Amino acid sequence: MSIDGFRTPRASCLLAPNPSPLTLDGTNTWLIAEPESPSVVVIDPGPDDEGHLRRVLAEAVAGDRRVARILLTHGHPDHSAGAARLAELTGAPVQAADPAHRLGPEGLAGGDVITAAGCELRVVASPGHSADSVCLLLPADDALFTGDTVLGRGTTVIATDGNLGDYLRTLGQLRDLTEARQVGLLLPGHGPMLADPIGILDYYLSHRAERLDQVRSALAAGARTPAEIVALIYTDVDPSVWPAAEWSVRAQLDYLGEP
């Protein structure tokens, strides 16, 4: 199924032209609106790419609609760098967990309920990949926007501003939420949508446990630096992402209490 143009009854995806080993096919920009609503919510405008932002604008205002709000799942540039320009084009405020990325008085915090474009979006704090990560639950579609907390393909890294302990707690909380709210779709910030949320979250949890065991084994075998550990245990990963994998290894070492 194509990522670009994927739709639920209330959400549609526009893929940014920034593919890379870390961004997969590119950043997924999501447009949210109740059918026939005169306004739209944009989640993650993506990079500061004028062509992409103009395309988002054209799709958002089709049918004489307006952009009511711009929401960021987190502040990494591949999700947020285009937010200021889209705000300039639309006059919409930018809401984010990190005040540094906001344009307007309102932020995003766990438990917040955003009512706009005829829809209700519930903010779920999801630190781990980054300290400021949030997910957004769209109950009407039984869908959860996951940013980089869960990717549509492969697994995410723990970025330099992230924390593995937080991430493991987040994954457990998302699994509980998914079961309690009968979430049927994960709509990620990169890669295709996922139709087996509980299976995916169980895999993410088991994968993290396996990686921790591998790091313990690498340390026992004499590896000491993150680069040495990556070379031993990330043999199943494209070497082009090994530098980013070192971020995760550092987070794993911190979690294990190693220097």
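All of these numbers come straight from a predicted model, not from anything done at the bench.
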- Residue pair D148, H74: steps toward the side-chain hydrogen bond (donor to acceptor under 3.5 Å, both in side chains) verdict: CA-CA 8 Å; D148 282 0; H74 62 299; 3.3 Å; yes
- Identify the heavy atoms of I32 and C119 that sit nearest to each other, and give their distance. CG2-SG, 4.1 Å
- Message: For the backbone of A60 and the side chain of R65, can you confirm whether one donor and one acceptor N or O come within less than 3.5 Å of each other?
- Response: yes
- Message: Donor-acceptor pair, distance only, cut-off 3.5 Å: does the side chain of W242 make one with the backbone of V237?
- Response: yes
- Looking at V215, N163, L168, which hits side-chain contact (heavy atoms from CB on, under 4.5 Å) with Y255? L168
- Query: Is atom CD of E120 surrounded by more than 12 heavy atoms (other residues, nucleotides or ligands) closer than 6.0 Å?
  - Reply: yes
- Query: Hey, mind stepping through H52 and T29 against side-chain hydrogen bond (donor to acceptor under 3.5 Å, both in side chains) and telling me if it holds?
  - Reply: CA-CA 9 Å; H52 175 63; T29 296; 2.9 Å; yes
- Item | Student check: side-chain heavy atoms of R211 and T155 closer than 4.5 Å | no
- Query: According to the interplanar angle, ranging from 0 to 90°, do the rings of H79 and H190 count as parallel (below 30°), tilted (30 to 60°) or perpendicular (above 60°)?
  - Reply: perpendicular
- Query: Are R7 and C13 side-chain neighbours, meaning at least one heavy-atom pair lies under 4.5 Å?
  - Reply: no
- At what distance, to the nearest 0.5 angstrom, does CD1 of I200 lie from CG of L205? 11.5 Å
- Query: What's the shortest heavy-atom distance between P127 and T170, and which atoms?
  - Reply: O-OG1, 2.7 Å
- Task: Find out if a path of hydrophobic residues (ILVMFWY) with successive side-chain heavy-atom gaps under 4.5 Å connects L72 to L187.
- Result: no
- Going through the distances and angles, do V150 and L144 end up as a side chain to side chain contact (heavy atoms under 4.5 Å, CB included)? CA-CA 10 Å; V150 178; L144 183 68; over 6 Å; no
- Message: Could you tell me if the side chain of V249 sits less than 4.5 Å from the side chain of Q252, heavy atoms only?
- Response: yes
- Item | W30 and F145 aromatic ring geometry - parallel, tilted or perpendicular at 30°/60° bounds | perpendicular
- Residues that E88 engages under side-chain hydrogen bond (donor to acceptor under 3.5 Å, both in side chains), provided they are two or more places apart: R85
- Message: Going by side chain to side chain contact (heavy atoms under 4.5 Å, CB included), name the residues that satisfy it together with D98, two or more places apart in sequence or in a different chain.
- Response: A100, H101, D132
- Message: side chain to side chain contact (heavy atoms under 4.5 Å, CB included) for E59 and R55? Distances and angles first, verdict last.
- Response: CA-CA 6 Å; E59 178 74 16; R55 183 175 176 233; 5.8 Å; no
- Closest non-hydrogen atom pair between S126 and T149, with its separation: OG-OG1, 3.5 Å
- Going hydrophobic residue to hydrophobic residue with side-chain gaps under 4.5 angstrom, can you get from Y203 over to L171? yes
- Task: Flag the pair D141 / L185 as yes when at least one side-chain heavy-atom distance between them is below 4.5 Å, and no otherwise.
- Result: no
- Closest contact, heavy atoms only, I70 versus A87: CD1-N, 3.7 Å
- Look at the side-chain heavy atoms of Ile, Leu, Val, Met, Phe, Trp and Tyr, link any pair under 4.5 Å apart, and say whether V61 and L71 land in one connected group. no
- Message: Are V183 and L137 packed together at the side-chain level, in the sense that at least one heavy-atom pair is separated by less than 4.5 angstrom?
- Response: yes
- Item | R102 side chain reached by V94 side chain, heavy atoms, under 4.5 Å | no
- Task: Find out whether L22 and S240 are in side-chain contact, i.e. whether some heavy atom of one side chain is under 4.5 Å from a heavy atom of the other.
- Result: no
- Message: What verdict does the side chain to side chain contact (heavy atoms under 4.5 Å, CB included) test give for V241 and V157, after you've listed the backbone C-alpha separation in whole Å, the side-chain angles of each residue and the deciding distance to 0.1 Å?
- Response: CA-CA 10 Å; V241 301; V157 299; over 6 Å; no
- May I ask you to decide if A117's main-chain N or O and R69's side chain share a donor-acceptor pair within less than 3.5 Å? no
- Task: May I ask you to test the D142-R181 pair for a side-chain heavy-atom distance under 4.5 Å?
- Result: no
- Message: Taking atom CD as the centre, does E36 end up with more than 12 heavy-atom neighbours from other residues, nucleotides or ligands that are less than 6.0 angstrom away?
- Response: no
- Task: List the atom of Y234, the atom of S248, and the distance in Å for their closest heavy-atom pair.
- Result: OH-CB, 3.9 Å
- Verify, without hydrogens or angle tests, whether D112 (side chain) and V123 (backbone) share a donor-acceptor contact under 3.5 angstrom. no
- Message: Using the rule side chain to side chain donor-acceptor pair (under 3.5 Å), only one of T73, N28, T27 pairs with D44; which is it?
- Response: T73
- Message: For R208 versus Y167, what's the shortest heavy-atom pair and its separation?
- Response: NE-CE2, 3.6 Å
- Query: So does R250 pair up with E246, basic N to acidic O under 4.0 Å?
  - Reply: yes
- Message: Between R224 and E228 (salt bridge meaning N to carboxylate O under 4.0 Å), is one present in this structure?
- Response: no
- Query: Roughly how far, to the nearest 0.5 Å, is CG of L219 from CD of Q214?
  - Reply: 12.0 Å
- Verify same cluster id: L53, L103 (apolar side-chain graph, 4.5 Å): yes
- Only one of T146, L136, L177 passes side-chain contact (heavy atoms from CB on, under 4.5 Å) with V124, and that residue is L177
- Going by distance alone, is a donor N or O of one side chain under 3.5 Å from an acceptor N or O of the other, for S20 and T23? yes
- Do Y204 and I158 share a hydrophobic cluster (ILVMFWY, side-chain heavy atoms under 4.5 Å, transitive)? yes
- Would you give the length of the straight line joining atom NE2 of H129 to atom CG of L164, rounded to the nearest 0.5 angstrom? 13.5 Å
- Message: Just verifying a value: how many Å separate L14 CG and I3 CD1, rounded to the nearest 0.5 Å?
- Response: 12.5 Å
- Task: Give a yes or no on whether D64 atom CG has more than 12 heavy-atom contacts from other residues, nucleotides or ligands under 6.0 Å away.
- Result: no
